[in-house]
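Sequence lines set the chain letters: A, B, ... in the order given, protein chains first and strands last, and positions in each chain run from 1.
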Protein chains: 2
Amino acid sequence: MEQARKGTNPLVVVFDVLGTLVDHAGSLAHRVSVVAGIESEAAANVVRQWIDHVSAQERAIIDGRRAFAPSHELDAEALNWLVGEGLLPPDALAGLTDASEWLQPWPDTVDGLDLLAADVMVLGLSNASRRVLAGLSGRSGLRWHQVLSGEDAGTYKPDPGIYKLAMASVPAGSGPPFKVAAHAWDLRAAAAAGMRTAYVPRPDGDPPGPDDTFDLHAADLRDLHAQLLTLEG
Amino acid sequence: MEQARKGTNPLVVVFDVLGTLVDHAGSLAHRVSVVAGIESEAAANVVRQWIDHVSAQERAIIDGRRAFAPSHELDAEALNWLVGEGLLPPDALAGLTDASEWLQPWPDTVDGLDLLAADVMVLGLSNASRRVLAGLSGRSGLRWHQVLSGEDAGTYKPDPGIYKLAMASVPAGSGPPFKVAAHAWDLRAAAAAGMRTAYVPRPDGDPPGPDDTFDLHAADLRDLHAQLLTLEG
């Protein structure tokens, strides 16, 4: 790493994973369609309710209304709820419990992380549990200098605690890390914790509003890499 | 990843870091020599006492005699103790506080991890704190599918809790992971927790005794990769 050899402070980039680096909803919908034998629009609707159910539980944890549970347990609860609602057949459960470990990366993700890792420190920060992060990273080829889970903070984004954990986990002497995400709500919380921000558009993302002032807007990871190198110069 | 595409269970390899992938004592001794302006044998002796001091504190934490503190805080305590003992000049402190983030990888480490990551899931499990793991991984080019710290378990190796954390963090459906280390004491504790074991010899390691029966003995990471591929076949 050139900057490390020069002894200057390293540039640190902290990636959101679900939705930003992997196709969260699309990958789950494809799997639901295959496993439950339903057509893709119905599968997408089931997945929307699955993700909403998990998000509601994450919100309950952030608000202190329930104890922390890792994301794979929330997935299991959501699937059982979907079966109870009659939206999934009971025999689909076994084929879906580990679906979050098989999410597909966006086309630029793996090469983009490789490119970035040659020049900056690449961290992950995700609501996915440790086991889910290990599974999807290993299967998709996402490789990290460090990767942190909501499990490490005992809470979920956008709770300030998870961003504080990331700030405490960057190397000594590094400047404020960049948070990279496809969700404006994630970047707003990261900025409030003192991180710099980079927005990357993705399908199903949360685009910036008129009042958002993020530090960088990148078309994709290759563009992000080019913009970060300009900053370093 | 071929095996993932085939849908079989992934092979998971969990690496010790300090001493196994990076030259812990040698890198610190070099830095002490440069920063404190003392010759290399004296620097090696200072580092032996530094590492022993940290190990004693880790043992106190494992035994419940003190609360958990991350490795960079134990490093800072050890350095202050060394100054108090007259073994280091006070003005060396500033140049040594982040020394653990600059440990040098062994010659086969970076290429070996790249080679392994193409075929198996590569995890790290270290007594180094999250910030130290981020710093040394980013600066040396160690890249992980998942990396866990003693900080995640609130204890240190060889406490069973840290191996239990690793076992709970492997992907669903994977078999028992391989623990890879240059220290027999680490592999014994890993085996007790249900992990498979692979010994790799390194300078300053802890070689197996006559009663040790580890699953694999590899000359280096390239050899480890070859042996693991044979198992998968």
Minimum-distance pair of heavy atoms, taken over all atoms of B:S169 and A:A134: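 Minimum heavy-atom separation between B:S169 and A:A134: O-CB, 3.4 Å.
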
Considering all heavy atoms, the nearest A:A172-B:R139 contact: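 Minimum heavy-atom contact is O-NH2, 3.8 Å.
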
Are more than 12 heavy atoms, taken from residues, nucleotides or ligands other than [X], located less than 6.0 Å from that residue's [atom1] atom?
X: A:R66; atom1: CZ; result: yes
X: A:H30; atom1: NE2; result: no
X: A:H72; atom1: NE2; result: yes

What is the distance from atom [atom1] of [X] to atom [atom2] of [Y], rounded to the nearest 0.5 Å?
X: A:M121; Y: B:S137; atom1: CE; atom2: OG; answer: 9.0 Å
X: A:D152; Y: B:L148; atom1: CG; atom2: CG; answer: 7.5 Å
X: B:S140; Y: A:H145; atom1: OG; atom2: NE2; answer: 9.0 Å
X: A:Q146; Y: B:L136; atom1: CD; atom2: CG; answer: 10.0 Å

Any donor-acceptor N/O pair, B:R131 side chain to A:V170 backbone, under 3.5 Å: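 Yes; at least one donor-acceptor contact below 3.5 Å.
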
Of A:L142, A:V122, A:D114, the residue whose pairing with B:R143 passes side-chain contact (heavy atoms from CB on, under 4.5 Å):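 For B:R143, the side-chain contact (heavy atoms from CB on, under 4.5 Å) test succeeds with only one of A:L142, A:V122, A:D114, which is A:D114.
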
